[in-house]
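A short write-up of the structure that comes next.
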Amino acid sequence: MADVVLVLNAGSSSIKFSAFDGGKASLPLILRGQVEGLYTAPRSLAKDAAGAEIESKSWSDNATFGHEEAIAYLIDLLRSQRGDHRLVAVGHRIVHGGMFFDRATRIDEGVMAKLQTLTPLAPLHQPHNLKAVDIVTRIRPDLPQVACFDTAFHRTQPELAQAFALPAAITDRGVRRYGFHGLSYEYIASVLPTFDAKAARGRTVVAHLGNGSSMCAMVNGRSVASTMGFTAVEGLPMGTRCGSVDPGVILYLLAELKMDAKAIEDLIYKRSGLLGVSGLSSDMRTLLASDDARAAFAIDLFTYRIARELGSLAAASEGIDAIVFTAGIGENSPDIRQRVCERAAWLGAVIDEDANRAGSACISTPSSLVSVWSIPTNEELMIARHTQALLAEA
Ligand code: AMP
């Protein structure tokens with residue numbers, strides 16, 4: 001009988017899920033998918049480990065089918081797909097662990113109370129992440145649950161990298177640089193030794209380039225600096241997020257354009273980035289395929305900012321031995337990897353164009369001073385690993 005670890009990533013209108021065989025050290029994937037359109041047009045799609053569809057479903061009770069119904073459905077789905085299994089734990093992706101958590105943790109009432117206090121720091125994600133925990137607690141109180149944070153990996157950063165130059169009274173209220181995408185960086189740090197032992201021990205900048213994009217400088221597998229700070233909007237331009245802008249721009253929007261906080265939030269999270277600049281799409285594939293000058297400019301701005309941050313992160317780690325590309329764009333777009341590397345030629349990075357086009361893991365030439373890699377990330381597996389490890393400790 002398989003001991004299944006269920007991994008949940010709950011958002012406002014969707015829940016991404018994966019199930020792993022927790023009885024095996026390598027945690028083979030059993031199935032994955034998502035339930036989306038919660039409260040509007042709920043539908044789900046589940047695929048097996050090879051990517052073949054196992055079940056797709058939609059529900060007509062639109063307005064009432066929400067997180068609770070979706071999680072109950074997932075537990076049923078596991079039962080119907082894997083009669084021989086036993087669900088042993090649920091691992092959750094929780095966006096914010098604040099300064100409380102520098103690693104994954106078993107969830108109890110005390111942990112939940114701390115996590116609730118962080119909701120104002122991540123209002124778009126934290127409440128939905130925690131709602132999923134509450135629902136599992138209600139419908140399966142017997143199940144151990146584990147919280148895995150996007151911020152925890154960055155708690156190794158020196159104080160300087162985590163600080164804004166704001167008065168201490170503001171910093172003391174939690175206004176500091178937390179960093180995000182930590183589960184992705186932690187996964188890359190865990191597999192890097194199998195690709196490049198020198199990079200794993202040395203100074204590596206990882207570029208997580210997807211709908212959300214950020215970069216992290218690691219030294220000996222530990223985070224020393226990152227482009228995302230207080231929220232997941234700082235740093236690089238993203239699919240629909242603007243990345244860093246002068247804070248004076250926000251004051252101008254408030255004072256001169258009379259935008260309120262909600263309108264500014266909508267602008268910087270949902271209408272900027274690749275979508276806002278191109279006026280066409282947030283999807284890199286669409287922009288790369290377009291011959292519109294605005295698409296070309298959006299791509300140029302994206303790669304220019306990545307290259308600038310590369311210089312900044314290389315300075316933070318006092319040198320650079322390797323660059324790793326990961327996530328949707330980083331793993332799949334030779335074009336973007338090449339453009340970034342061309343801008344990074346001054347660092348001694350020389351790309352092997354054939355290896356890059358062929359989708360090899362190592363995409364730099366043997367003489368390149370900086371080794372360059374394209375490595376798929378796996379945040380869900382990282383959550384399953386933490387969940388399995390904490391279960392074993394109990
Ligand atoms: P993620 O958030 O990691 O799923 O990444 C989503 C982003 O990856 C979107 O902007 C996609 O357009 C982009 N992406 C996926 N496949 C490719 C590809 N083959 N070439 C360029 N971009 C891609």
Side-chain angles (χ1 to χ4, degrees), residues 7 9-18 29 32-36 45 47 51 93 95 124-125 150 153 180-188 191 206-216 226-228 231-233 235-243 269-292 294-306 324-342 351 353 355-361 363 372-383:
V7 170
N9 179 1
S12 59
S13 64
S14 73
I15 300 180
K16 296 196 179 104
F17 59 89
S18 335
L29 180 68
R32 70 188 309 169
Q34 63 176 341
V35 188
E36 54 190 4
L45 176 62
K47 294 182 174 174
R93 181 173 185 174
V95 67
L124 302 183
H125 295 102
D150 276 306
F153 184 68
F180 297 88
H181 288 137
L183 292 159
S184 173
Y185 296 127
E186 190 180 9
Y187 176 79
I188 296 295
V191 296
V206 183
H208 175 111
L209 309 178
N211 271 324
S213 294
S214 73
M215 295 163 74
C216 173
S226 54
T227 58
M228 274 182 181
T231 64
V233 78
L236 302 176
M238 309 176 209
T240 60
R241 286 172 249 169
C242 58
Y269 278 92
K270 299 195 177 134
R271 296 197 290 119
S272 299
L274 296 175
L275 174 66
V277 175
S278 71
L280 294 170
S281 173
S282 64
D283 192 308
M284 185 55 87
R285 280 166 297 199
T286 307
L287 298 182
L288 285 166
S290 167
D291 51 15
D292 192 309
R294 294 172 304 162
F297 184 72
I299 297 169
D300 276 351
L301 186 54
F302 183 67
T303 53
Y304 167 80
R305 295 300 320 190
I306 295 167
V324 177
F325 291 96
T326 194
I329 300 171
E331 291 165 26
N332 296 305
S333 178
D335 216 336
I336 298 296
R337 293 193 298 255
Q338 177 159 351
R339 292 175 194 221
V340 172
C341 288
E342 280 167 2
I351 197 161
E353 287 187 25
N356 184 36
R357 298 268 154 214
S360 306
I363 57 169
V372 188
W373 300 86
S374 168
I375 302 176
T377 193
N378 196 336
E379 292 154 291
E380 295 80 20
L381 179 58
M382 202 62 237
I383 295 171

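One-based numbering, in listed order, for ligands and for the atoms of each.
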Next on the checklist: If you define the side chain from C-beta out and look only at heavy atoms, does anything of Ser278 sit under 4.5 Å from Phe302?
Outcome noted: no
Checklist outcome for this item: Of all protein heavy atoms, the one nearest atom 10 (O) of ligand 1 is Met284 N, 3.2 Å
Checklist entry - Can you tell me the protein heavy atom closest to atom 13 (C) of ligand 1 and the distance? => result Ile329 CG1, 3.5 Å
Checklist entry - Relative to the heavy atoms of Gly210, which atoms of ligand 1 are at a distance of less than 4.0 Å? => result 1 (P), 2 (O), 3 (O), 5 (O)
Checklist entry - Tell me, do Ser12 and Leu124 make a side-chain contact under 4.5 Å, heavy atoms counted? => result no
Next on the checklist: How far is atom 14 (N) of ligand 1 from the closest protein heavy atom, and which atom is that?
Outcome noted: Gly328 O, 3.6 Å
Item to check | Side chains of Ile351 and Val372 in contact at under 4.5 Å (non-hydrogen atoms) | outcome: no
Checklist entry - At what distance, to the nearest 0.5 angstrom, does CD1 of Ile188 lie from NE2 of His181? => result 12.0 Å
Checklist outcome for this item: atom 2 (O) of ligand 1 has as its nearest protein heavy atom Asn211 N, 2.8 Å
Checklist entry - Tell me: protein heavy atom nearest atom 23 (C) of ligand 1, and distance? => result Arg285 CG, 3.6 Å
Checklist entry - Would you say the side chain of Met228 lies within less than 4.5 Å of the side chain of His208, judging by non-hydrogen atoms? => result no
Item to check | Protein contact to atom 12 (O) of ligand 1 [nearest heavy atom, distance to 0.1 Å] | outcome: Asp283 OD1, 2.3 Å
Checklist entry - Quick one: which ligand 1 atoms are inside 4.0 Å of a heavy atom on Ala327? => result 3 (O)
Next on the checklist: When you compare the side chain of Thr326 with that of Tyr187, does any pair of heavy atoms fall below 4.5 Å?
Outcome noted: no
Next on the checklist: Working to the nearest 0.5 angstrom, can you tell me the gap between Ser282 OG and Lys270 NZ?
Outcome noted: 13.0 Å
Checklist outcome for this item: Among non-hydrogen protein atoms, atom 21 (C) of ligand 1 lies closest to Ser333 CB, 3.5 Å
